[in-house]
Amino acid sequence: MHQPSPLLTDFYQLTMAYAYWQLGKHEQEATFHLLFRRHPFKGDFALCAGLGSVISLIEHWRFSDDDLAYLASLSNANEEPLFNQAFIDALGKLSFTGSIDAVPEGTVVFANEPILRVQAPLWQCQLLESILLNFMNFQTLIATKAARVCEAAGGDPVFEFGMRRAQGPDGALSASRAAYIGGCVATSNALAGKLYDIPVRGTHAHSFVTAFDSEPEAFAAYIKTMPHQASLLVDTYNTVEGVKHAIAAGRVLREQGADLLNIRLDSGDLADLSIKARALLDEAGFQNTGIIASNSLDEHVIRDLKSQGAKINVWGVGTHLTTAYDQPALDGVYKMGALKNAEGEWTPRIKLSEQAVKISNPGRHQVRRYFKNGEMIADVIFDLDLGLDTLPKCTSIDGNTVVTLDDHDATQDLLEPVFVSGKRVQPDRSIHHIQEHAADALRQFRESKTTPYPVYLEKTLHDNKLALIQAMRA
């Protein structure tokens, strides 16, 4: 796919970059962190996704001649050029020269802990803010939704069927990618299949049936053209009769050395109809023919259908997955944590608010995950410049709880180097590897006995934060 232009950003990123450049401040090194404040879908976790898209973006991040010509055409309120030519020429030579550390895709993450750390010249950090949030927010949201749906399906395959309802072609492709990371086994999106090596699946539409004079004629035509791709949609007219017609088509397939793979239910009482369809299929000797269900499914509907004893083998989930229907945005933010001064020392920066949750954490952060007997027990955010003790004292995000993590047997630092001094250092990870990592991470999280899962600030970081808050308010 064509890589997005650096112009895919909020306009104020460009005006801030221009101000930094005019003031000679643009090359001052800064550290920013990307995180989200609340778990999506009123849940207790998120599944990190989007880093693959970020990597591709950074590797191709260049202003084209057309981009620069557009910027040169912009005017200020006095009808003068908004940006001077020297700045535009500087943008024409710009590429990413900083470092990025990130949580690997498919890792279970939690509110208020950074999933991406960018350390680079100030104007580069600023110009990248909006697109980084766009990639990470959306794909993390969809991967998390997919994980919830797949968990509800209880091991049954889940197909992502949402392209036609997704928010534009970019949304559809990103959703397909993220849904596969979250556990879906296939997509209906053929371009996503090509670009990301995701298996593609589908049956046929009601229009195929109505293109013929009768349902039996339509089924006969379909199996004749694709005998080894025989999945038939049975609810165009009458579902029970449609199942019977599919069985008749299945008998013809068997005479040709093929078989009826699946039927699909797309309307009505899916629990009742699946039970009736299963009985008809089994009685006719089609015990191995699967039943695919679609029609406005999500994790809540799937759990309800399973509780009713539905005989559904495969779940086709579309709109509610690719649009994150019940929470269409992740509240991810990108905040400056530190700025390097003229002496080359990192100085912490903080953003204040009347809302405690919106007060940023100062410093340059890493997240360390603690384990006991293979189980996750806590995450600790610490400042790289302050360090972390072997048995750290920690404070809850709200400051109300102080603990010492003195009972663990393993740790893992979550933010891993991806780019160093503008050069990529992380090898390619296939989407299949990422999906396997996500499945392991989700299993490990669900086996954790700590609920809700705690995320702490290392106490020195917390104390420094309080001191900085007091100093800034004074």
Side-chain angles (χ1 to χ4, degrees), residues 146 148-162 183-188 199-206 208-210 214-224 226-321:
R148 291 167 59 87
V149 168
C150 293
E151 183 177 48
D156 295 340
V158 176
F159 295 164
E160 178 268 303
F161 276 176
C184 293
V185 301
T187 179
S188 64
V200 290
R201 296 289 185 272
T203 56
H204 59 76
H206 295 108
F208 187 86
V209 176
T210 58
S214 69
E215 189 172 64
E217 183 182 351
F219 288 174
Y222 195 78
I223 66 171
K224 180 180 180 180
M226 280 180 284
H228 298 290
Q229 189 71 19
S231 294
L232 301 176
L233 178 60
V234 297
D235 71 336
T236 303
Y237 303 118
N238 178 285
T239 301
V240 172
E241 291 302 311
V243 176
K244 294 176 181 177
H245 295 154
I247 289 170
R251 292 191 176 109
V252 174
L253 280 168
R254 285 183 172 176
E255 292 173 0
Q256 300 172 353
D259 210 344
L260 179 63
L261 301 180
N262 303 288
I263 63 167
R264 178 160 72 97
L265 307 174
D266 190 51
S267 61
D269 185 335
L270 295 179
D272 179 63
L273 291 172
S274 68
I275 291 168
K276 291 176 178 176
R278 184 76 273 156
L280 288 169
L281 289 165
D282 291 351
E283 183 181 353
F286 288 87
Q287 292 88 350
N288 293 327
T289 297
I291 298 177
I292 303 173
S294 48
N295 188 29
S296 298
L297 299 178
D298 64 9
E299 66 268 41
H300 310 294
V301 175
I302 291 172
R303 286 195 185 95
D304 183 56
L305 287 169
K306 281 184 165 288
S307 72
Q308 296 178 58
K311 302 297 183 181
I312 295 167
N313 307 99
V314 180
W315 306 86
V317 185
T319 304
H320 286 77
L321 173 54

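Computed from a predicted model, the values in this text were never measured in an experiment.
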### Query
What residues, two or more places apart in sequence or in another chain, satisfy salt bridge (charged side-chain N to carboxylate O under 4.0 Å, His left out) together with D298?
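Residues passing salt bridge (charged side-chain N to carboxylate O under 4.0 Å, His left out) with D298: none at all.
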
Within this structure, what is the [atom1]-[atom2] distance for the pair [X] and [Y], rounded to the nearest 0.5 Å?
X	Y	atom1	atom2	answer
F286	I291	CZ	CD1	13.0 Å
H245	T236	NE2	OG1	11.0 Å
E215	T210	CD	OG1	11.0 Å
T239	L265	OG1	CG	6.5 Å
N313	R278	CG	CZ	6.0 Å
L270	D304	CG	CG	10.5 Å

### Message
Atom CG of residue position N288 - does it have more than 12 heavy atoms of other residues, nucleotides or ligands inside 6.0 Å?
### Response
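12 or below, so no.
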
### Query
Can you tell me if CD on E283 sees more than 12 non-hydrogen neighbours from other groups inside 6.0 Å?
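No.
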
Can you name the nearest heavy-atom pair linking [X] to [Y], along with the distance?
X	Y	result
D156	I312	OD2-O, 3.6 Å
G183	C150	C-SG, 3.4 Å
L260	A230	CD1-O, 3.7 Å
H228	G257	CE1-O, 4.3 Å
A152	K306	O-CD, 3.5 Å
Q308	A271	OE1-CB, 3.5 Å

### Query
Taking C-beta and beyond as the side chain, do H206 and D266 meet within less than 4.5 Å on heavy atoms?
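When only atoms from C-beta onward are counted, D266 and H206 do touch, with a gap below 4.5 Å.
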
### Query
Can you list the residues that meet the ring pair (Phe, Tyr, Trp, His ring centres under 6.0 Å) rule with Y237, with sequence neighbours excluded?
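None.
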
### Task
Mind checking ring pair (Phe, Tyr, Trp, His ring centres under 6.0 Å) for F219 and listing every partner two or more places apart, or none if nothing turns up?
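So F219 forms no ring pair (Phe, Tyr, Trp, His ring centres under 6.0 Å) with any residue.
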
### side chain to side chain donor-acceptor pair (under 3.5 Å) partners for D272, two or more places apart
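Partners of D272 by the side chain to side chain donor-acceptor pair (under 3.5 Å) criterion, ordered by chain and then number, come out as K276.
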
### Task
Please confirm whether the backbone N or O of L233 pairs with a side-chain atom of H204, one donor and one acceptor, at under 3.5 Å?
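Answer holds: yes.
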
### Query
Short question: side chain of Q229, backbone of S231 - any donor-acceptor pair under 3.5 Å?
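Looks like no, no N/O pair under 3.5 Å.
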
Which atom pairs, donor and acceptor, lie under 3.5 Å between side-chain atoms of residues 246-256 and protein residues at least two apart or in another chain?
| unit_1 | atom_1 | unit_2 | atom_2 | d |
| --- | --- | --- | --- | --- |
| R254 | NE | D259 | OD1 | 3.2 |
| R254 | NH1 | G285 | O | 3.3 |
| R254 | NH2 | G285 | O | 2.9 |

### Task
May I have the step-by-step check of side chain to side chain contact (heavy atoms under 4.5 Å, CB included) for S274 and L305, ending in yes or no?
CA-CA 10 Å; S274 68; L305 287 169; over 6 Å; no

### Message
Quick one about S294 and R264 (side-chain donor to acceptor, distance below 3.5 Å, no hydrogens or angles considered), yes or no?
### Response
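Yes, a side-chain donor-acceptor pair sits under 3.5 Å.
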
### Task
Start with the C-alpha gap between V185 and F159, add the side-chain angles, then the distance that decides, and say whether side chain to side chain contact (heavy atoms under 4.5 Å, CB included) holds.
CA-CA 6 Å; V185 301; F159 295 164; 3.5 Å; yes

### Qualifying ring pair (Phe, Tyr, Trp, His ring centres under 6.0 Å) pairs with a residue from residues 301-320, counting only residues at least two apart or across chains
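Ring pair (Phe, Tyr, Trp, His ring centres under 6.0 Å) check on residues 301-320 returns H320-Y325.
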
### Query
Do E299 and V317 pass the side chain to side chain contact (heavy atoms under 4.5 Å, CB included) test, and can you show the C-alpha distance, the side-chain angles, and the key distance before you say yes or no?
CA-CA 9 Å; E299 66 268 41; V317 185; over 6 Å; no

### Query
Taking 4.0 angstrom as the limit, do K244 and E241 come out as a salt bridge?
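Salt bridge present between K244 and E241.
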
